[in-house]
Amino acid sequence: RKFRRRRLHAGQNAFSTGQAFDGLYVVRFGSLKTSVTHIDGTEHVLAFPMKGDLLGFDGVCNNSYLNEVVALTDCDLIRIPVSELFLPGRASSDLERLVYWAISREIVHDQMTNGLSHAAKSEARVARFLRIQAERFMALGYSPVRFTLPMTRRDIGNHLNVTLETVSRAFSALDNLGIISVERREVTILSPAALRKFECESHGFRPSVAVQ
């Protein structure tokens, strides 16, 4: 197989907007940030890829990457070269399994985060973001109640379309309520049920099942 391993240090780009498409990348370990820069120069954070997620699929249609991807931590990527993707007559069941699995994960993640920017209140977006991060860590075999956020609060706010101050205020409110404990980027979810209840009530819903 012509898979290529690529190591990135925090702050390095996997690829940039407009760069020629040279293949797809699957995250082996580490955390990254995917963003797009609008015509007015403002950046919008689209996602925070983690282990198993697919990078670069946006580059297939125009033969160049539409987004910028930068490493938030040291990362190890698996590159699937464009020549291997589109080689006629190839027999590569292992390659196809890898790509389809990564695409499936990305679709699921997109579905999970689809409602983030549509929450009724900013606090609900932050609570839901933490819950989704917890679920992602659990799916990777890590603790869902104690984890380190690789992204800054400013990036979280940009991703959720809320201000940095709103993110900090929401974190403080959840901390004061005893739902989470925050020390810099280290988050401990003290009550997952209470976090979900806070998310629902901030969204304007009432849980149908009583929270213990």
Side-chain angles (χ1 to χ4, degrees), residues 27 29-36 38 42-55 67 69-70 72-73 102-212:
V27 183
F29 68 76
S31 298
L32 305 99
K33 177 179 72 173
T34 302
S35 63
V36 60
H38 298 299
T42 59
E43 179 195 45
H44 178 59
V45 178
L46 300 174
F48 299 104
M50 297 170 62
K51 179 181 177 181
D53 287 335
L54 180 70
L55 308 175
N67 304 321
V69 178
V70 61
L72 297 176
T73 65
I103 290 174
S104 175
R105 282 180 55 88
E106 185 171 56
I107 291 172
V108 169
H109 177 55
D110 285 346
Q111 290 173 341
M112 287 171 60
T113 58
N114 185 51
L116 279 173
S117 61
H118 303 293
K121 293 183 179 180
S122 300
E123 291 81 359
R125 305 182 199 181
V126 176
R128 187 177 304 174
F129 176 81
L130 289 176
R131 176 177 59 80
I132 290 174
Q133 287 300 113
E135 291 173 355
R136 295 181 74 193
F137 280 116
M138 182 171 64
L140 295 176
Y142 303 125
S143 171
V145 296
R146 185 179 178 85
F147 48 84
T148 300
L149 294 173
M151 70 290 293
T152 65
R153 293 186 183 186
R154 186 178 300 277
D155 281 340
I156 294 173
N158 186 303
H159 178 54
L160 301 179
N161 292 316
V162 301
T163 65
L164 167 63
E165 292 74 19
T166 297
V167 175
S168 295
R169 189 166 57 247
F171 272 47
S172 295
L174 290 166
D175 194 308
N176 292 335
L177 289 169
I179 297 173
I180 67 172
S181 175
V182 183
E183 181 64 34
R184 297 182 182 273
R185 297 191 188 184
E186 185 82 18
V187 176
T188 302
I189 299 178
L190 302 173
S191 174
L195 180 64
R196 183 178 289 274
K197 181 180 179 182
F198 180 91
E199 174 193 339
C200 292
E201 291 182 346
S202 295
H203 201 301
F205 298 117
R206 295 285 177 178
S208 56
V209 179
V211 176
Q212 301 298 322

Sub-4.5 Å side-chain heavy-atom contact between [X] and [Y]:
{"X": "Asn158", "Y": "Lys33", "answer": "no"}
{"X": "Arg153", "Y": "Val182", "answer": "yes"}
{"X": "Val145", "Y": "Met138", "answer": "no"}
{"X": "Thr166", "Y": "Leu160", "answer": "no"}
{"X": "Phe48", "Y": "Asp155", "answer": "yes"}

Heavy-atom pair of closest approach, residues [X] and [Y]:
{"X": "Ser31", "Y": "Met50", "value": "OG-CG, 4.2 Å"}
{"X": "Pro49", "Y": "Val27", "value": "CB-CG2, 4.4 Å"}
{"X": "His159", "Y": "Leu46", "value": "CE1-O, 3.0 Å"}
{"X": "Ser122", "Y": "Val162", "value": "OG-CG1, 3.5 Å"}
{"X": "Pro150", "Y": "Thr73", "value": "CB-CG2, 3.9 Å"}

What's the separation between atom [atom1] in [X] and atom [atom2] in [Y], rounded to the nearest 0.5 Å?
{"X": "Glu186", "Y": "Phe147", "atom1": "CD", "atom2": "CZ", "answer": "9.0 Å"}
{"X": "Thr34", "Y": "His44", "atom1": "OG1", "atom2": "NE2", "answer": "11.0 Å"}
{"X": "Leu32", "Y": "Lys51", "atom1": "CG", "atom2": "NZ", "answer": "14.5 Å"}
{"X": "Glu199", "Y": "Arg125", "atom1": "CD", "atom2": "CZ", "answer": "12.5 Å"}
{"X": "Ile189", "Y": "Phe137", "atom1": "CD1", "atom2": "CZ", "answer": "10.0 Å"}
{"X": "Lys197", "Y": "Leu177", "atom1": "NZ", "atom2": "CG", "answer": "10.5 Å"}

Arg154, CZ: over 12 other non-hydrogen atoms inside 6.0 angstrom: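 Not buried by this count: 12 neighbours or fewer within 6.0 Å.
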Could you work out, with salt bridge (charged side-chain N to carboxylate O under 4.0 Å, His left out) as the rule, every residue matching Glu165, not counting sequence neighbours?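 In terms of salt bridge (charged side-chain N to carboxylate O under 4.0 Å, His left out), with neighbours along the sequence ignored, Glu165 is linked to no residue.
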Looking at Leu174, Leu190, Leu130, which hits side-chain contact (heavy atoms from CB on, under 4.5 Å) with Ile179?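 Single side-chain contact (heavy atoms from CB on, under 4.5 Å) partner of Ile179 among Leu174, Leu190, Leu130: Leu174.
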Going by the rule ring-ring contact (aromatic ring centres under 6.0 Å, His included), which residues pair with Phe171 if we only count those two or more places apart in sequence or in a different chain?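 With neighbours one apart ignored, the set is empty.
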